[in-house]
Amino acid sequence: MRILILGATGAIGILLIRRALKDLESCEIVLYVRSVEKIPDDLKTNPSITVIQGQLSDQQALAKALDGVDVVLSTLGPNVKKGPFHPPNTPLANAYLSVIDIMYQKGIKRLICLGTASIKDPADKFSLAFSILVNGVAIGARTAYNDVVAIGENVRTHGGNLEWTIVRVPLLTNQESEEVIAGYVGDGETNAWLSRTGRHD
């Protein structure tokens, strides 16, 4: 299996690479990154990993990264620390349009991407904790919020013929836990926080 990971230099991206190497035997991993120097040396020299440098706006480099890929895993998302200063033109959501177009061209069907509770689901119910969290982001980091919401819309509409999954996460902590919680907002199971090494599905 050949996997492309987008957003590979972030904290979640690095964890995802290491988990994929641990759990998926004989997989080939392609990392499409802007800043190669942010990848730990042990990953850059791993024989199962190929690093391709490029911008999300570079269609040619992105298409090269997608050659022969079976699955696209993406942790792309706004930088929390730069939330209020995130660009207003939904750059990440626009990048997903390019990724999806190239996936169609190359016959790649599977897309798994990171999202947040700002992306609504029909199965969600009211949760005060999540409502405070989402509204806080919408007020304090509006452009980042808009980009995340647009990511969800683009994956669901433009990627409608793909086999896609949006993994929505709440506030992420640095606690040492690999607990996996699968559910919906307000279902009594999911919480407004989760360890980075675990996940909400």
Side-chain angles (χ1 to χ4, degrees), residues 1-83 86-87 90-103 106 108-116 119 144 147-148 150-152 154-155 159 162-169 172-174 178 180 194-201:
M1 177 184 293
R2 188 173 175 88
I3 301 169
L4 171 66
I5 298 181
L6 302 172
T9 58
I12 300 176
I14 297 296
L15 288 170
L16 179 60
I17 298 166
R18 296 193 185 284
R19 191 60 182 255
L21 288 170
K22 177 182 176 182
D23 291 354
L24 302 175
E25 294 183 6
S26 303
C27 72
E28 299 176 48
I29 299 176
V30 180
L31 309 180
Y32 185 70
V33 301
R34 180 176 55 187
S35 305
V36 176
E37 67 276 7
K38 292 183 179 180
I39 302 173
D41 289 340
D42 66 305
L43 295 180
K44 278 191 285 192
T45 57
N46 189 298
S48 296
I49 292 177
T50 299
V51 179
I52 297 178
Q53 187 171 23
Q55 301 282 344
L56 289 171
S57 57
D58 187 338
Q59 299 277 323
Q60 187 173 356
L62 193 54
K64 178 182 177 182
L66 281 157
D67 279 343
V69 164
D70 301 294
V71 182
V72 176
L73 305 180
S74 174
T75 67
L76 292 173
N79 186 318
V80 175
K81 295 178 181 178
K82 298 179 181 178
H86 187 74
T90 61
L92 298 176
N94 293 336
Y96 270 101
L97 294 178
S98 297
V99 171
I100 291 169
D101 279 341
I102 298 171
M103 288 180 69
K106 295 182 178 291
I108 305 167
K109 293 292 186 181
R110 191 71 174 108
L111 170 64
I112 303 174
C113 60
L114 191 69
T116 72
I119 301 172
D147 208 357
V148 170
I151 287 171
N154 288 350
V155 170
L162 299 178
E163 297 172 13
W164 57 264
T165 302
I166 300 174
V167 181
R168 300 182 299 161
V169 297
L172 296 174
T173 73
N174 292 320
E178 294 190 1
V180 177
L194 183 73
S195 168
R196 279 185 174 83
T197 52
R199 63 189 184 277
H200 276 48
D201 291 335

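Quick caveat, the model's predicted, so the values are computed rather than measured.
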| task | Test Leu114 against Leu76 for side-chain contact (heavy atoms from CB on, under 4.5 Å), laying out the working first. | result | CA-CA 7 Å; Leu114 191 69; Leu76 292 173; over 6 Å; no
Is a salt bridge present between [X] and [Y], judged by a nitrogen-to-oxygen distance below 4.0 Å?
{"X": "Arg110", "Y": "Asp70", "value": "no"}
{"X": "Asp41", "Y": "Lys44", "value": "yes"}
{"X": "Asp58", "Y": "Lys64", "value": "no"}

Working to the nearest 0.5 Å, report the span between [atom1] of [X] and [atom2] of [Y].
{"X": "Thr165", "Y": "Leu111", "atom1": "OG1", "atom2": "CG", "result": "8.0 Å"}
{"X": "Leu62", "Y": "Leu4", "atom1": "CG", "atom2": "CG", "result": "7.5 Å"}
{"X": "Ile29", "Y": "Ile5", "atom1": "CD1", "atom2": "CD1", "result": "5.0 Å"}
{"X": "Ile112", "Y": "Thr75", "atom1": "CD1", "atom2": "OG1", "result": "12.5 Å"}
{"X": "Leu43", "Y": "Thr9", "atom1": "CG", "atom2": "OG1", "result": "11.5 Å"}
{"X": "Leu16", "Y": "Asp23", "atom1": "CG", "atom2": "CG", "result": "10.0 Å"}

How close do [X] and [Y] get, counting heavy atoms only, and between which atoms?
{"X": "Pro40", "Y": "Ile14", "result": "CD-CD1, 3.4 Å"}
{"X": "Ala20", "Y": "Cys27", "result": "O-SG, 4.0 Å"}
{"X": "Tyr96", "Y": "Ser74", "result": "OH-OG, 2.6 Å"}
{"X": "Asn154", "Y": "Ile100", "result": "O-CD1, 3.9 Å"}
{"X": "Cys113", "Y": "Val155", "result": "SG-CG2, 4.0 Å"}
{"X": "Ala8", "Y": "Leu31", "result": "CB-CD2, 3.9 Å"}

| query | Taking it one step at a time, do Thr50 and Glu28 satisfy side-chain contact (heavy atoms from CB on, under 4.5 Å)? | reply | CA-CA 8 Å; Thr50 299; Glu28 299 176 48; 5.9 Å; no
| query | Yes or no on side-chain contact (heavy atoms from CB on, under 4.5 Å) for Ile102 and Ile108, after CA distance, side-chain angles and deciding distance? | reply | CA-CA 8 Å; Ile102 298 171; Ile108 305 167; over 6 Å; no
Is it the case that the side chain of [X] and the backbone of [Y] share a donor-acceptor pair, with hydrogens and angles ignored and the cut-off at 3.5 Å?
{"X": "Arg2", "Y": "Asp67", "result": "yes"}
{"X": "Tyr32", "Y": "Gln55", "result": "yes"}
{"X": "Asp147", "Y": "Gly77", "result": "no"}
{"X": "Gln53", "Y": "Arg34", "result": "yes"}

| query | Is the shortest heavy-atom distance from the side chain of Leu56 to the side chain of Leu92 under 4.5 Å? | reply |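 Answer yes - side chains close enough.
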| So, do Val71 and Met1 sit near enough that their side-chain heavy atoms are less than 4.5 Å apart? |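 Sidechains of Met1 and Val71: in contact.
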| message | Can you list everything that forms a side-chain hydrogen bond (donor to acceptor under 3.5 Å, both in side chains) with Ser98? Sequence neighbours excluded, please. | response | Gln59
| message | Would Ile49 and Leu21 count as a side-chain contact (heavy atoms from CB on, under 4.5 Å) here? Give the steps. | response | CA-CA 9 Å; Ile49 292 177; Leu21 288 170; 3.9 Å; yes
| field | Within 6.0 angstrom of Lys38 NZ, more than 12 heavy atoms from elsewhere | value |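 Counting other residues, nucleotides and ligands, NZ of Lys38 stays at 12 neighbours or fewer.
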| said: Just checking Glu37: does its CD atom have more than 12 heavy atoms from other residues, nucleotides or ligands closer to it than 6.0 angstrom? | reply: yes
